[in-house]
Novice: 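What follows is a structure written as structure tokens; I'll ask about it next.
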Amino acid sequence: RYVLETLRGVYHNDALSRERELSPQDRLRFHQEHSRPLMDGLHEWMEAQFAEHKTEPNSGLGKAISYLLNHWPKLTLFLEQPGAPLDNNIVERALKKAILNRKNALFYKTLNGAGVGDLFMSLIHSCELKGANPFDYLTALLRHVEELKQNPAEWMPWNYRETLARLA
């Protein structure tokens, strides 16, 4: 519970820095002032769990604490480097997409089918990253095949809405 409460405070601080639209340097200073004490307290607490024999190192909690302690410099990079994210959730989500695509690929009947599946997965993920609805995007592509052939650069997930508005 202590770990979760501490990390909740750190994520709250990060949300505040986003709300205030702080620059990377100001965000760093904000985290150093408000989050470093939380993270220092968490580090001391984890060290004490082993030093005072409150947690068995080979238990589930002990393994989690060991992982955190072994990766502490990388996990606290947001306290040292301007613009460093708190976590790598965006990368984890992208990897899940690749894993899902790999599982789906087991059902492709041909190499060409696998290539088409890869293409669609890439387009869908690009749409999600840019805040575009993948279904709406793919529908727009199908409805404007001729325009797409003439100028494909205007039909990317990040700019197709402007292209549609010009055509309307």
Side-chain angles (χ1 to χ4, degrees), residues 1-105 114 117-138 152-163:
R1 183 175 173 106
Y2 178 78
V3 174
L4 294 176
E5 301 261 339
T6 301
L7 293 177
R8 182 177 66 178
V10 172
Y11 275 87
H12 175 73
N13 291 338
D14 199 53
L16 289 175
S17 72
R18 270 182 282 150
E19 284 175 16
R20 296 175 185 175
E21 298 178 355
L22 299 179
S23 70
Q25 196 61 43
D26 291 337
R27 177 183 170 267
L28 174 64
R29 280 192 288 275
F30 184 80
H31 273 301
Q32 287 174 337
E33 181 180 343
H34 299 283
S35 298
R36 186 179 298 278
L38 295 172
M39 294 303 285
D40 288 345
L42 177 61
H43 192 267
E44 290 171 14
W45 180 85
M46 290 187 300
E47 294 279 355
Q49 294 305 299
F50 291 146
E52 298 170 12
H53 303 290
K54 293 180 179 179
T55 301
E56 189 65 35
N58 59 356
S59 69
L61 178 60
K63 288 178 183 177
I65 290 172
S66 293
Y67 177 87
L68 288 171
L69 291 173
N70 289 336
H71 294 88
W72 194 253
K74 292 176 186 171
L75 294 170
T76 57
L77 191 61
F78 73 97
L79 296 171
E80 308 298 331
Q81 182 71 38
L86 289 184
D87 55 44
N88 66 346
N89 287 343
I90 193 166
V91 174
E92 295 287 339
R93 283 191 295 275
L95 288 173
K96 285 182 182 177
K97 296 262 187 225
I99 291 167
L100 175 63
N101 190 43
R102 186 178 66 210
K103 287 180 181 178
N104 289 342
D118 290 345
L119 173 76
F120 278 107
M121 185 57 79
S122 177
L123 286 172
I124 290 167
H125 185 62
S126 295
C127 286
E128 290 172 349
L129 288 174
K130 292 300 176 182
N133 181 314
F135 183 79
D136 293 343
Y137 174 68
L138 294 171
E154 290 185 3
W155 292 92
M156 296 296 155
W158 50 88
N159 65 358
Y160 85 98
R161 290 184 197 128
E162 291 85 12
T163 304

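In what follows, residues are counted from 1 in the order of the sequence shown.
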Novice: For the NZ atom of K54 and the CD1 atom of I65, what is their distance to the nearest 0.5 Å?
Specialist: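 These two atoms lie 10.5 Å from each other.
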Novice: Does the side chain of Q49 come within less than 4.5 Å of L69's, by heavy atoms?
Specialist: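 Not touching, per the 4.5 Å side-chain cut-off.
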Novice: So which heavy atom on W45 is nearest to which on V3, and how close?
Specialist: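 That would be CZ3-CG2, 3.5 Å.
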Novice: Hey, are the side chains of N159 and K130 touching, using non-hydrogen atoms and a 4.5 Å cut-off?
Specialist: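 Counting from C-beta outward, N159 and K130 never come under 4.5 Å.
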Novice: Does any part of the side chain of M46, heavy atoms only, come nearer than 4.5 Å to the side chain of L68, both counted from C-beta?
Specialist: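 In short, these two side chains touch, coming nearer than 4.5 Å.
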Novice: Taking the side chain as every heavy atom from C-beta outward, state whether I124 and Y137 have any pair of such atoms under 4.5 Å apart.
Specialist: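 A side-chain contact is absent here, since even the closest heavy-atom pair is not under 4.5 Å.
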Novice: Would the distance check show the side chain of N104 and the main-chain N or O of I99 forming a donor-acceptor pair, the cut-off being under 3.5 Å?
Specialist: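 Side chain of N104 to backbone of I99, a donor-acceptor pair under 3.5 Å: no, none is there.
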Novice: What do you reckon, is OH of Y2 surrounded by more than 12 foreign heavy atoms closer than 6.0 Å?
Specialist: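 Yes, OH of Y2 has more than 12 neighbouring heavy atoms, counting only those of other groups under 6.0 Å.
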Novice: Output all residues satisfying salt bridge (charged side-chain N to carboxylate O under 4.0 Å, His left out) with E56, sequence neighbours left out; order by chain, then residue number.
Specialist: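 E56: no salt bridge (charged side-chain N to carboxylate O under 4.0 Å, His left out) contacts found.
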Novice: Given side-chain contact (heavy atoms from CB on, under 4.5 Å), test H34 with V10 step by step and report yes or no.
Specialist: CA-CA 8 Å; H34 299 283; V10 172; over 6 Å; no
Novice: List in chain and number order the residues that pass ring pair (Phe, Tyr, Trp, His ring centres under 6.0 Å) with F50, two or more places apart in sequence or in another chain; answer none if no residue qualifies.
Specialist: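 Once residues adjacent in sequence are excluded, F50 has no partner under the ring pair (Phe, Tyr, Trp, His ring centres under 6.0 Å) criterion.
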Novice: Supply the atom-to-atom distance E47 CD to H43 NE2, rounded to the nearest 0.5 angstrom.
Specialist: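 NE2 of H43 is found 4.5 Å from CD of E47.
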Novice: For A132 and P157, work out which heavy atoms get closest and say how close.
Specialist: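 Where A132 meets P157 most closely, the heavy atoms are CB-O, 3.8 Å.
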Novice: Donor-acceptor check, side chain of T163 to backbone of E154, threshold 3.5 angstrom: yes or no?
Specialist: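 A pair under 3.5 Å: yes.
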Novice: For the SG atom of C127 and the CG atom of L138, what is their distance to the nearest 0.5 Å?
Specialist: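 Going from the SG atom of C127 to the CG atom of L138 covers 6.0 Å.
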Novice: Just so I know, are the side chains of D118 and S122 near enough to count as touching, which here means a heavy-atom distance under 4.5 Å?
Specialist: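 No, side chains not in contact.
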Novice: Does E33 reach the side chain of R29, with side-chain heavy atoms less than 4.5 Å apart?
Specialist: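 Side-chain contact under 4.5 Å: no.
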Novice: Which distance, rounded to the nearest 0.5 Å, do you find between the CD of E92 and the CG of N88?
Specialist: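 Interatomic distance, E92 CD to N88 CG, rounded to 0.5 Å: 4.5 Å.
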Novice: Just verifying a value: how many Å separate H12 NE2 and S35 OG, rounded to the nearest 0.5 Å?
Specialist: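 Reported value, rounded in 0.5 Å steps: 10.0 Å.
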Novice: Should L100 and K96 count as side-chain neighbours, where that means a heavy-atom distance under 4.5 Å?
Specialist: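 The answer is no; the side chains never approach within 4.5 Å.
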Novice: Provide the closest heavy-atom pair for G9 versus L38 in the form atom of the first, atom of the second, distance.
Specialist: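 Shortest heavy-atom separation between G9 and L38 comes out as C-CD1, 3.8 Å.
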Novice: Work out which heavy atom in L79 is nearest to a heavy atom in Q32; give both atom names and the distance.
Specialist: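 The pair with the smallest heavy-atom distance is O-NE2, 2.9 Å.
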Novice: Nearest heavy-atom pair of D14 and S17: which atoms, and what distance?
Specialist: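 Smallest heavy-atom distance, with atoms named: O-OG, 2.7 Å.
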Novice: Could you state the interatomic distance from CG (N101) to NE2 (H125), rounded to the nearest 0.5 Å?
Specialist: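 It is 11.5 Å, given to the nearest 0.5 Å.
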Novice: Taking all non-hydrogen atoms of both residues into account, name the closest pair between F30 and N13 and its distance.
Specialist: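 Taking F30 first and N13 second, the nearest heavy atoms are CE2-O, 3.3 Å.
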Novice: Return yes if some donor-acceptor pair links the side-chain N/O of R27 with the main-chain N/O of F78 below 3.5 Å, else return no.
Specialist: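 Checked: no pair found.
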Novice: What residue pairs, at least two apart or across chains, pass side-chain hydrogen bond (donor to acceptor under 3.5 Å, both in side chains) with a residue in residues 61-77?
Specialist: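 Listed by first then second residue: nothing to list.
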Novice: Heavy atoms, side chains only, cut-off 4.5 Å: are L42 and L7 in contact?
Specialist: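 A side-chain contact exists here, since the closest heavy-atom pair is under 4.5 Å.
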Novice: Please say whether more than 12 non-hydrogen atoms of neighbouring residues, nucleotides or ligands are located less than 6.0 Å from CD in E21.
Specialist: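 Open: at most 12 neighbouring heavy atoms sit under 6.0 Å from CD of E21.
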